[in-house]
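Data block below; observations after.
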Amino acid sequence: MPSKPPALKARRVQFTLPTGARKHYAGDDLVMSHFMAMLSAAFPEGEDFFIRSVRNYRDQITDPELQQAVKGFIAQEATHRHQHRMLNERLQDMGYPTERMDRHVTWLLAKLEKMFSTEMALAGTAALEHYTATLAELLLTDDEMLDLLDRSDVRQILLWHAFEECEHKAVAFDVYQAAGGTERTRVRAMRIATVIFLVEMVIQTVRSMARDRASYNPRRLLRSLNDFRKSPLLSAETRRRIAAYTRPGFHPNDWDSTELLDRWSKELFDADGTQLIQAQ
């Protein structure tokens, strides 16, 4: 069985953000830079949605440990929202349409929240948290992704965000179960979330790239598309981990992150576990 995770807390962090000096900040890769920019642009309103969805059921939680986990989850997600807003402002200045993406996500989530129940919103949050946790563990374990981060101007903020996503990956899921959510709704929410997430990320990344003159260089575009297709983001293992969510009896802690969190905690944070180490 996985070890008991540490208490969740928001950390004091400060990042060196990318500048306009290098347009393609993610290892000078065209597609990956636009993909990561649009993903970052979706986070502030997405994190707000996650917080609302969990907070709707906060009063129904009786387990003291889960109550504390919910408190830490909300604090961490609020910090993610703040830090990504600052990053998105910088990316907007560099030519990425993060403000447009932010408005689009606001509109989309408002529409979905009117369409679905609070139970489905919580199930959708648990499903999307599985996506972010899977991508987070990929960033923290895959040598190719770590090499890309080492060449990226957003290395620190992504490593920190990935670390905390691994820390709280089970909270929304546990709240959903504690609130009496059914397996059928959980799986249905995952399938709906998958369609929306994949379609939106493809469309918005393409729209972002259409504003970039470098996208009209055929050789560079094809090379970057090929690299993205072969990246760990689309690997069979990543797809298997995502698909595992629909398995009966699945729980996010089926993949134990204890050793991973322990290793990265020593690399990322000071001895008191609060301040991000400013190392490149």
Side-chain angles (χ1 to χ4, degrees), residues 2 5 15 24-43 46-47 50 73 76-77 80 83-84 87 125-173 190 193-194 196-202 204-205 224-247 250-269 276 280:
F15 302 102
H24 303 112
Y25 58 93
D28 203 35
D29 186 277
L30 172 66
V31 176
M32 188 65 76
S33 294
H34 283 274
F35 174 81
M36 289 169 61
M38 292 302 96
L39 190 61
S40 178
F43 277 135
E47 307 286 15
F50 295 167
F73 171 87
Q76 287 187 345
E77 296 290 51
H80 298 174
Q83 292 295 332
H84 276 278
L87 172 59
T125 293
L128 290 169
E129 282 287 293
H130 178 61
Y131 265 99
T132 56
T134 299
L135 296 178
E137 293 190 11
L138 177 67
L139 284 177
L140 296 175
T141 58
D142 187 89
D143 289 340
E144 185 177 338
M145 293 304 298
L146 288 171
D147 178 65
L148 175 66
L149 287 184
D150 286 342
R151 295 181 287 114
S152 170
D153 295 338
V154 293
R155 176 184 186 273
Q156 292 171 283
I157 190 171
L158 291 184
L159 288 176
W160 158 76
H161 193 163
F163 181 92
E164 293 194 346
E165 288 298 330
C166 290
E167 273 193 317
H168 69 231
K169 66 181 180 179
V171 175
F173 190 100
M190 180 57 165
T194 294
I196 293 174
F197 175 74
L198 294 180
V199 169
E200 284 293 332
M201 287 308 303
V202 169
Q204 300 306 327
T205 300
S224 184
L225 285 170
N226 188 54
D227 289 344
F228 191 84
R229 180 179 63 85
K230 295 179 180 179
S231 79
L233 291 173
L234 302 180
S235 70
E237 174 62 15
T238 300
R239 297 196 302 271
R240 184 182 72 84
R241 289 280 294 265
I242 294 294
Y245 190 89
T246 60
R247 186 184 67 226
F250 170 84
H251 190 276
N253 288 335
D254 288 347
W255 280 282
D256 189 359
S257 301
T258 307
E259 291 185 8
L260 182 68
L261 291 172
D262 183 62
R263 175 165 67 88
W264 278 102
S265 178
K266 295 172 182 175
E267 292 198 33
L268 292 175
F269 304 109
L276 192 76
Q280 294 291 339

Begin from the C-alpha positions of F197 and L39 and carry the test side chain to side chain contact (heavy atoms under 4.5 Å, CB included) through to its verdict.
CA-CA 10 Å; F197 175 74; L39 190 61; 4.0 Å; yes

Donor-acceptor pair, distance only, cut-off 3.5 Å: does the side chain of [X] make one with the backbone of [Y]?
X    : Y    : result
S231 : F228 : yes
W264 : F163 : no
T205 : M201 : yes
T134 : I242 : no
N253 : D256 : no

Test item: [X] and [Y] side chains (from C-beta on) under 4.5 Å apart, heavy atoms:
X    : Y    : result
E129 : V171 : no
V31  : D29  : yes
K169 : S257 : yes
F15  : L158 : no

Hey, what do you get for [atom1] ([X]) to [atom2] ([Y]), rounding to the nearest 0.5 Å?
X    : Y    : atom1 : atom2 : answer
F73  : E167 : CZ    : CD    : 12.5 Å
D227 : E144 : CG    : CD    : 8.0 Å
S152 : H24  : OG    : NE2   : 12.5 Å
L135 : D142 : CG    : CG    : 11.5 Å
S235 : L138 : OG    : CG    : 6.5 Å
K266 : L261 : NZ    : CG    : 12.0 Å

Go through the steps to decide whether T238 and R241 satisfy the test side chain to side chain contact (heavy atoms under 4.5 Å, CB included), and finish with yes or no.
CA-CA 5 Å; T238 300; R241 289 280 294 265; 5.8 Å; no

R151/D28 ion pair, N-O < 4.0 Å:
no

Considering only NZ, NE, NH1 and NH2 on the basic side and carboxylate oxygens on the acidic side, decide whether D254 and R247 come within less than 4.0 Å.
yes

Judged by modelled atom types alone, do E164 and W160 share a side-chain donor-acceptor pair under 3.5 Å?
yes

With no hydrogens and no angle check, just 3.5 Å: does a side-chain donor-acceptor pair link E165 and H168?
yes

On a heavy-atom basis, which atom in [X] and which in [Y] lie closest, and how many Å separate them?
X    : Y    : answer
R155 : D150 : NE-OD1, 3.0 Å
M32  : L148 : CG-CD2, 3.6 Å
C166 : A133 : SG-O, 4.4 Å
A136 : A162 : CB-O, 3.3 Å

As a quick check of understanding, evaluate side chain to side chain contact (heavy atoms under 4.5 Å, CB included) for L146 and L139, giving each step before the final call.
CA-CA 6 Å; L146 288 171; L139 284 177; 5.9 Å; no

Given Y131 and Y245, is the ring pair (Phe, Tyr, Trp, His ring centres under 6.0 Å) satisfied, shown in steps?
CA-CA 9 Å; Y131 265 99; Y245 190 89; 8.7 Å; no

Any chance you could lay out the side chain to side chain contact (heavy atoms under 4.5 Å, CB included) test for F43 and H80, step after step, and finish with the verdict?
CA-CA 8 Å; F43 277 135; H80 298 174; over 6 Å; no

Going by the side chain to side chain donor-acceptor pair (under 3.5 Å) test, name the single residue among H84, H161, Q83 that passes it with S40.
H84

Aromatic plane relationship, F173 with H251 - under 30° parallel, 30 to 60° tilted, over 60° perpendicular
perpendicular

